[in-house]
Amino acid sequence: MSAASGDSAVKTPSLTNGPGAAAILSAGIGALALAVLAIVGDKFAAAKSLLVFYKPTGVLSGVTTVAIVIWLVAWGVLEIRWRRRTVALGLVSGLALGMLVLSILLTFPPIADLF
Amino acid sequence: MEISARGLWTLIHGMGFGALYLLACSGALVELFRVTAPSASSALTRGQEQFLKTYLVVMAVLAWSAVLTGAYVIYPWYRAAPSEGMTDLSGFSQRLLLSNPRTAGWHSIGMEWKEHIAWFAPISITMVACVFIRYGRELRDHRPLRTAVLSFAAASFIAAGVAGLFGAMINKYAPVEGGGRIQLSAGAER
């Protein structure tokens with residue numbers, strides 16, 4: 001069997017990994033922003049009143065809206081910066097996945113109540 | 001056979017968008033894994049690639065529809081406060097759950113987690129769809145990118161699963177009811 005056949009065969013990609021890395025990292029940032037905002041909105045009275053964008057939905061409306069804005073802005077900025085670049089994707093995706101896992105944990109009420 | 005207007009919205013949110021998303025998510029995970037596997041025996045045809053792109057976009061629409069109807073249509077009914085002195089809490093799901101120590105956890109843990117974790121599903125699957133639209137079959141040549149995309153798709157499935165599980169259980173103990181009655185069929189006389 002030749003070295004270029006089977007599972008070890010990797011073609012040279014024609015697209016850089018920058019745009020993909022930007023999408024992944026910004027998703028992690030958005031998720032973490034949501035988790036942090038949820039805690040802030042729950043623990044601080046001033047933040048709670050600021051985050052009520054739609055009264056019937058309460059704080060959740062502001063928490064999710066601000067998190068989505070942070071996610072999209074981060075995505076836009078990273079996309080512009082990394083559009084034609086090849087980045088250290090292992091590091092970036094590890095960071096993004098770490099933020100996602102942390103976000104899931106931080107939204108779990110028994111953990112969120114520790115703060 | 002009839003259903004309340006709020007019950008119908010809950011059905012649309014949970015079964016129409018949420019459950020359909022979960023079903024679609026399991027299919028997407030398998031298909032993304034299969035078509036982007038470095039060892040895949042045959043190349044993805046242009047038609048298959050286009051189908052998967054469309055499938056992922058529909059999933060993103062389903063996920064956003066689920067969280068938006070949940071947060072802006074059903075959640076206000078769920079968290080509505082009864083008038084002073086009101087003792088019948090059947091139309092006030094959150095207060096009904098909190099009124100009994102045996103059901104309070106469905107709100108304090110279930111709903112409190114569900115209302116936040118659910119949003120990770122649309123954020124993740126939107127990212128997955130955008131990356132696949134951009135890279136398509138080339139994703140198999142970017143192994144770390146492929147791993148991250150599959151991980152986020154799996155996280156999206158878990159987030160939607162947690163939200164769906166708690167949604168179903170909360171609706172079992174304190175269903176969101178009220179609004180007009182919608183008659184689905186007249187039913188047969190006995």
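Quick note: numbers below take in every heavy atom, side chains included, and nothing from hydrogens, waters or symmetry partners. The model shown is predicted, which means the values in this text are computed figures rather than measured ones. Throughout, a chain's letter reflects where its sequence line sits, starting with A, and its residues are numbered from 1.
For chain B, the option among Ala35(A), Ala112(A), Ser61(A), Ser26(A) with the highest count of heavy-atom pairs below 4.5 Å is Ser61(A). In terms of heavy-atom pairs under 4.5 Å with chain B, the best-connected choice from Gly58(A), Gly30(A), Ala22(A) is Gly58(A). Between chain B and the options Ile104(A), Asp42(A), Val101(A), Val92(A), heavy-atom pairs under 4.5 Å are most frequent for Ile104(A). For chain A, the option among Ala80(B), Ala159(B), Ser151(B) with the highest count of heavy-atom pairs below 4.5 Å is Ser151(B).
Taking all atoms of both residues into account, the shortest heavy-atom contact from Ala27(A) to Phe152(B) is CB-CE2, 3.7 Å. Thr57(A) approaches Ala71(B) most closely through the heavy-atom pair OG1-O, 2.8 Å. Smallest separation of non-hydrogen atoms from Pro144(B) and Ser93(A): O-OG, 4.3 Å. Summarising the geometry of Tyr135(B) relative to Gly20(A), their closest heavy-atom pair is OH-N, 3.0 Å, with the distance given to 0.1 Å. Residues Ala21(A) and Leu145(B) approach most closely at N-CD1, 4.1 Å, considering heavy atoms.
Residues of residues 114-130 of chain B lying under 4.5 angstrom from chain A, judged on non-hydrogen atoms, are Glu115(B), His116(B), Ile117(B), Trp119(B), Phe120(B), Ile123(B), Ser124(B), Thr126(B), Met127(B), Cys130(B) by number.
Neither the backbone nor the side chain of Ala67(A) comes within less than 4.5 Å of any heavy atom in chain B. Residue Ser103(A) touches chain B through both its backbone and its side chain, counting heavy-atom pairs closer than 4.5 Å. With a 4.5 Å cut-off on non-hydrogen atoms, Leu34(A) touches chain B through its side chain but not through its backbone. Thr147(B) does not touch chain A: none of its heavy atoms, backbone or side chain, sits under 4.5 Å away. When heavy atoms are compared at a cutoff of 4.5 Å, Leu106(A) does not approach chain B at all. At a 4.5 Å heavy-atom cutoff, the contact between Thr64(A) and chain B is made by side-chain atoms alone. Interface residue Arg79(B): only side-chain heavy atoms are found under 4.5 Å from chain A. For Leu60(A), the part lying near chain B is the side chain, with the backbone staying farther off; criterion is any non-hydrogen pair under 4.5 Å.
With sequence neighbours left out, the ring-ring contact (aromatic ring centres under 6.0 Å, His included) criterion links Phe92(B) to no other residue.
No chain of hydrophobic side-chain contacts below 4.5 Å, direct or via other Ile, Leu, Val, Met, Phe, Trp or Tyr residues, connects Leu98(B) to Met86(B). Linking Ile, Leu, Val, Met, Phe, Trp and Tyr residues whenever their side-chain heavy atoms come within less than 4.5 Å leaves Leu52(B) and Phe157(B) in two separate clusters. A single hydrophobic cluster is not seen to contain both Ile74(B) and Leu22(B); linkage of ILVMFWY side chains at heavy-atom distances under 4.5 Å, directly or through other members, places them apart. In this structure, Leu37(A) is a member of the same hydrophobic cluster as Phe108(A), with clusters built from ILVMFWY side-chain heavy atoms closer than 4.5 Å. When hydrophobic clusters are built by joining Ile, Leu, Val, Met, Phe, Trp and Tyr residues whose side-chain heavy atoms come closer than 4.5 Å, directly or via intermediates, Val57(B) is not grouped with Leu150(B).
Using cut-offs of 30° and 60° for the angle between ring planes, the Tyr72(B) and Tyr54(A) rings count as tilted.
The CG atom of Leu139(B) lies 11.0 Å from the CG atom of Asn17(A); values are rounded to the nearest 0.5 Å. Considering CG of Leu89(A) and NE2 of His142(B), their distance stands at 9.0 Å, rounded to 0.5 Å.
Annotation: Arg181(B), atom CZ; neighbour count of heavy atoms from other residues, nucleotides and ligands within 6.0 Å is above 12. When the shell of 6.0 Å around CH2 of Trp9(B) is examined, it contains 12 or fewer heavy atoms from other residues, nucleotides or ligands.
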